[in-house]
Colleague: 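Please read through the structure below; I'll follow up with questions.
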Amino acid sequence: MEAQAQGLLETEPLQGRDEDAVASADYSSMLSEEEKEELKAELVQLEDEITTLRQVLSAKERHLVEIKQKLGMNLMNELKQNFSKSWHDMQTTTAYKKTHETLSHAGQKATAAFSNVGTAISKKFGDMSYSIRHSISMPAMRRK
């Protein structure tokens with residue numbers, strides 16, 4: 001008898017199949033007519049309260065939209081403000097500052113390197129131009 005009593009007083013939460021069994025059980029036969037009527041009345045009251053809460057929430061959301069419109073706030077403005085704030089917050093981080101410094105320095109070096117390459121190419125073209133002009137002006141070079 002003690003083993004049976006222990007089984008009825010389990011302290012573990014319901015698991016998978018247990019939950020399914022409880023959900024599919026029909027407890028209405030264990031309730032008196034009075035209890036059934038009380039539960040039905042409570043159910044109707046809860047459904048009415050939920051409907052009222054939805055209506056109140058909807059009215060508050062409409063009021064919120066009206067206030068935002070009066071203040072000139074719309075979705076696009078809010079997105080712009082959020083983006084601006086996020087961008088500002090990101091720019092003030094240490095990681096951003098370090099990355100910005102590093103990329104700026106790398107950009108300066110790249111600019112100097114491209115300038116040097118450009119100067120070297122210009123010099124080569126200048127030398128080639130001189131060679132071509134010089135060879136055209138020398139008749140011995142033309143006969144070859």
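Note that the numbering runs from 1 along the sequence shown for the chain.
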Colleague: Given Ser58, which of Gln55, Arg62, Arg54, Glu61 fulfils the side-chain hydrogen bond (donor to acceptor under 3.5 Å, both in side chains) condition?
Modeller: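 Option passing the side-chain hydrogen bond (donor to acceptor under 3.5 Å, both in side chains) with Ser58: Arg62.
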Colleague: OG1/Thr111 to CG/Asn116 distance, rounded to the nearest 0.5 angstrom?
Modeller: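 Rounded to the nearest 0.5 Å, the OG1-CG separation comes to 11.0 Å.
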Colleague: Nearest 0.5 Å please: distance from the NZ atom of Lys68 over to the NE2 atom of His63.
Modeller: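 NE2 of His63 is found 12.5 Å from NZ of Lys68.
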Colleague: Please determine if Glu101 and Lys98 form a salt bridge, counting it only when a charged side-chain N lies under 4.0 Å from a carboxylate O.
Modeller: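 Salt bridge absent between Glu101 and Lys98.
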Colleague: Kindly check if the number of other-residue, nucleotide or ligand heavy atoms within 6.0 Å of CE (Met90) is above 12?
Modeller: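 Count over threshold, so yes.
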Colleague: What distance do Leu103 atom CG and Gln108 atom CD have between them, rounded to the nearest 0.5 Å?
Modeller: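 Answer rounded to 0.5 Å: 11.5 Å.
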Colleague: May I ask you to decide if Val44's main-chain N or O and Glu47's side chain share a donor-acceptor pair within less than 3.5 Å?
Modeller: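 No; zero donor-acceptor contacts below 3.5 Å.
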Colleague: Working to the nearest 0.5 Å, report the span between OG of Ser84 and NZ of Lys80.
Modeller: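 Answer for the OG-NZ pair, Ser84 versus Lys80, is 9.0 Å.
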Colleague: Give the intermediate values and the outcome of side-chain contact (heavy atoms from CB on, under 4.5 Å) for residues Lys85 and His88.
Modeller: CA-CA 5 Å; Lys85 183 182 181 327; His88 179 266; 5.7 Å; no
Colleague: Flag yes if more than 12 heavy atoms outside Glu49 fall under 6.0 Å of its CD atom; otherwise flag no.
Modeller: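 Above 12, so yes.
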Colleague: Could you grab the distance from atom CH2 of Trp87 to atom OG1 of Thr92, nearest 0.5 Å is fine?
Modeller: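 Trp87 CH2 to Thr92 OG1: 11.5 Å, rounded to 0.5 Å.
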Colleague: Using side-chain contact (heavy atoms from CB on, under 4.5 Å), reason through Lys97 and Thr93 one step at a time and then give a plain yes or no.
Modeller: CA-CA 6 Å; Lys97 289 177 182 176; Thr93 63; over 6 Å; no
Colleague: Return the OG to CD distance between Ser86 and Gln91, rounded to the nearest 0.5 Å.
Modeller: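 These two atoms lie 11.0 Å from each other.
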Colleague: Is there a side-chain contact (heavy atoms from CB on, under 4.5 Å) between Leu43 and Leu39 once you walk through the steps?
Modeller: CA-CA 6 Å; Leu43 180 64; Leu39 288 174; over 6 Å; no
